[in-house]
Protein chains: 2
Amino acid sequence: MATPANSADEGARPTLAQVAARAGVSASTASLAFSGAGPVAEETKQRVLAAARELDYGGPDPRARSLRTGRSGIIAVVMEDRIRDAFRDPMVVTMLDGIADEIGAAGYSLLLLTDSLERQQGGLRDAPMDAALLLGCSTDLDPAVAVLSRRQVPLIGVEAQAREGMHLVDVENRAGMRAGAQHLHDLGHRRVGILTLPMDRPHTRGALTADWETSSVAYTGRERLAGVRDVFPDAPAVVAAGSLPEEGALAARTLLDAHPDLTAIVGQSDLIALGAIQAAEERGMTVPRDLSVLGFDGARIDGLTDRRLTTIVQPSVEKGRTAARMALAALAGEPVTSVVFPVELRLGDTTAAPRG
Amino acid sequence: MATPANSADEGARPTLAQVAARAGVSASTASLAFSGAGPVAEETKQRVLAAARELDYGGPDPRARSLRTGRSGIIAVVMEDRIRDAFRDPMVVTMLDGIADEIGAAGYSLLLLTDSLERQQGGLRDAPMDAALLLGCSTDLDPAVAVLSRRQVPLIGVEAQAREGMHLVDVENRAGMRAGAQHLHDLGHRRVGILTLPMDRPHTRGALTADWETSSVAYTGRERLAGVRDVFPDAPAVVAAGSLPEEGALAARTLLDAHPDLTAIVGQSDLIALGAIQAAEERGMTVPRDLSVLGFDGARIDGLTDRRLTTIVQPSVEKGRTAARMALAALAGEPVTSVVFPVELRLGDTTAAPRG
DNA sequence: CTGAAAGCGCTTACAG
DNA sequence: CTGAAAGCGCTTACAG
């Protein structure tokens with residue numbers, strides 16, 4: 001006993017037991033004083049808190065608590081992409097904001113994960129979590145879903161293929177795109193091209209072939225594609241490598257090179273559509289006079305452009321909030337119902353009747 | 001025993017002990033088979049893995065492991081702002097990307113936290129974490145630092161006031177801004193205004209008074225301010241409510257209304273500077289002919305503008321990587337040294353000699 | 001209102 | 001190479 005009896009060893013975190021001992025109460029009582037989960041005399045409670053202060057005790061260790069209670073207080077958000085790419089998508093960011101809001105209010109914290117399983121340790125396989133939200137547009141969630149279901153983590157998929165045991169938050173991707181395409185058709189367009197979201201995991205760029213289309217497991221991209229195809233069955237499509245303006249521009253160049261006679265382009269996201277506008281203007285076309293451009297998302301893209309994009313508006317914050325609430329409900333043992341959010345065509349200044 | 005002996009109870013996660021029993025080995029051996037932390041005969045290992053598959057065992061429970069090992073595998077990133085606002089800042093996003101890369105490679109996951117301590121439970125106080133990175137520009141980290149030090153979590157501050165027990169990653173905010181201001185001075189500017197980052201927690205907008213300046217604890221903003229003041233001691237400043245173009249524009253309007261004779265504006269971030277350009281153009285000024293504008297960050301702001309902003313470039317990804325590596329080093333018990341990154345003036349097309 | 005006891009599911013010395 | 005034992009730091013019935 002070289003150290004004074006009334007001070008914790010240097011560097012060693014004090015424990016609840018030490019606090020209890022110092023306060024002259026049992027561990028159970030000390031625990032109750034912190035959690036408030038049971039009746040403790042106010043005076044006793046103050047004694048415990050004082051002892052904690054004296055020992056510089058930072059509160060019950062979350063690791064021990066979580067083993068005991070079976071809860072970690074963590075909800076994971078699983079994304080496909082590199083964080084950097086994901087965060088450049090306003091839809092992801094607003095959704096995340098809705099999620100953080102909702103789970104934060106419930107006392108949970110947000111763990112950011114990618115669905116990569118390459119590494120042996122860490123990530124999906126090992127991170128503590130009480131529930132997981134699998135986020136949008138992922139091209140192949142199956143391995144991640146397998147790992148997490150085995151861990152018995154409640155799963156909420158946002159815009160994901162339906163899967164056994166996974167609750168879903170979806171938006172009317174197909175119907176929304178159909179409405180947008182119909183709007184173009186009503187304006188008189190007949191030669192319409194499509195710029196799609198990534199269709200495979202490596203995010204390959206290029207013209208979408210029939211084979212590629214059939215083999216793709218990219219949920220959102222396929223749904224939105226189907227919506228356009230409901231109106232323009234043979235519309236040519238080029239795949240963008242991401243929901244980014246520069247990718248949209250790249251894909252639009254490919255599309256316009258191959259199909260210079262297009263009078264309208266449908267982008268599967270607003271950022272992609274924005275890139276298409278850039279590409280069109282580069283080659284001297286005026287939007288919407290020479291080319292109509294339609295987006296999807298209704299993103300708030302301040303500073304990006306002064307155009308009002310004609311687009312399909314989806315409630316991204318609400319999507320995030322709902323996904324989070326579904327996770328919380330699942331954790332509370334309440335029944336969880338999958339949800340499909342409606343979308344809405346919003347007319348801007350980027351679509352018009354074709355020339356001539 | 002109503003359930004078959006060879007199946008786990010419905011809904012109950014199997015444990016390592018059950019797997020071990022089924023494989024006919026001890027729990028210790030089964031643990032080793034999963035962790036690889038000790039020698040296990042290949043055949044034994046396969047038997048354990050087979051048993052795990054049969055019981056649909058998802059691997060050792062992270063909660064128990066983390067109590068036992070004292071590690072949670074989680075590194076927290078603490079931000080001041082709402083997630084939504086933080087993510088709109090390219091500096092935050094790129095830094096986060098560097099952080100995620102580095103800690104992911106080391107098998108750690110990233111927990112996103114705000115430094116709010118309003119709620120009684122959850123967040124900083126209760127979330128499991130092995131280390132925490134406190135992220136930039138925060139106006140008042142003290143309460144968060146207090147809570148986390150008591151928990152004995154190793155702390156890395158990025159652009160934060162030096163504090164007992166916290167390692168620091170900083171950039172040459174003051175020297176960088178001084179160089180930028182000197183550049184303006186060399187061009188002949190004498191009437192220069194400043195648009196600052198938030199100076200208090202509520203993110204109050206408005207002209208920066210001497211009192212306000214003195215009482216502010218916003219580290220980054222104060223440093224950058226000092227840099228400009230080194231060259232232009234009396235430059236008037238207006239505080240923006242965030243590092244966003246619209247906030248920059250708002251602040252610039254206030255600044256230009258009060259000081260219509262300014263020939264140059266220094267924004268404390270690129271996004272703020274961008275807003276200043278917008279505001280200037282709104283009132284018919286041409287940049288840089290009628291007004292020079294200088295930024296800070298060297299952010300990649302694709303799509304936002306086709307201007308090449310004159311700015312102070314800082315290595316944001318590297319900042320994130322370094323902060324992450326420092327956390328990992330601290331966890332490994334290695335010595336940690338604080339770092340200050342140099343910055344560099346990059347000339348663009350938004351600064352020029354004043355007219356006349 | 002308080003305390004004694006059990007146990008959450010692992011991993012890690014240690015002995016063999 | 002394998003097993004028996006201890007214990008990480010809590011919380012929660014339960015008894016008083």
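A note on names: the letters A, B, ... follow the listed sequences, proteins ahead of strands, and every chain is numbered from 1. In what follows, every heavy atom counts, from backbone to side chain, and hydrogens, waters and symmetry copies are set aside.
Near DNA chain D, defined here as any heavy-atom distance below 4.0 Å, the residues from residues 38-46 of chain B are B/Pro39, B/Val40, B/Ala41, B/Thr44, listed numerically.
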- Message: Run the side chain to side chain contact (heavy atoms under 4.5 Å, CB included) test on A/Leu96 and A/Leu135 for me, step by step, so that the C-alpha distance in whole Å, both residues' side-chain angles and the decisive distance to 0.1 Å come before the verdict.
- Response: CA-CA 9 Å; A/Leu96 236 30; A/Leu135 240 64; 4.3 Å; yes
- Show the numbers, then the answer: is there a side chain to side chain contact (heavy atoms under 4.5 Å, CB included) between A/His203 and A/Glu80? CA-CA 11 Å; A/His203 290 196; A/Glu80 177 192 23; 3.8 Å; yes
- Message: side chain to side chain contact (heavy atoms under 4.5 Å, CB included), that's the test. Do A/Val48 and A/Val19 meet it? Break it down for me.
- Response: CA-CA 7 Å; A/Val48 171; A/Val19 172; 4.1 Å; yes
- Verify side chain to side chain contact (heavy atoms under 4.5 Å, CB included) between A/Arg201 and A/Asp115, making sure each step is shown before the conclusion. CA-CA 11 Å; A/Arg201 171 165 287 263; A/Asp115 68 357; 2.9 Å; yes
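First and last contacts of DNA chain D with chain A, using any nucleotide atom under 4.0 Å from a protein heavy atom and ordered 5' to 3', fall at D/dG9 to D/dT12.
Under the 30°/60° scheme for interplanar angles, the aromatic rings of B/Phe87 and A/Phe87 are found to lie parallel.
Here the CZ atom belonging to B/Arg150 is positioned 9.5 Å from the CZ atom belonging to A/Arg53, to the nearest 0.5 angstrom. Taking CG from A/Leu16 and OG1 from A/Thr29, the interatomic distance works out to 10.0 Å, rounded to the nearest 0.5 Å.
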- Message: Can you give me the dot-bracket string for DNA chain D, 5' to 3', counting Watson-Crick and G-U wobble pairs with both distances under 3.5 Å, using [ ] for crossing pairs and | for partners on another strand?
- Response: |||.||||||||.|||
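Across all strands, B/Thr15 comes closer than 4.0 Å only to sugar-phosphate atoms, never to a base (heavy-atom distances). Nucleic acid contact class of B/Tyr57 (heavy atoms, under 4.0 Å, all strands): sugar-phosphate only.
The residue among A/Thr69 and B/Ser26 whose nearest nucleotide of DNA chain D lies closer to the 5′ end is B/Ser26. Comparing B/Leu32 and B/Ala64 by the nucleotide of DNA chain D whose heavy atom lies nearest to each, the residue mapping closer to the 5' end is B/Leu32.
Listed here is the closest heavy atom pair of A/Ala52 and A/Phe34: CB-CZ, 3.7 Å.
In this structure, A/Leu133 and A/Met326 have side chains that are not in contact, with every pair of non-hydrogen atoms separated by 4.5 Å or more. Side-chain contact between A/Leu32 and A/Thr44 is absent, with no heavy atoms from C-beta onward closer than 4.5 Å.
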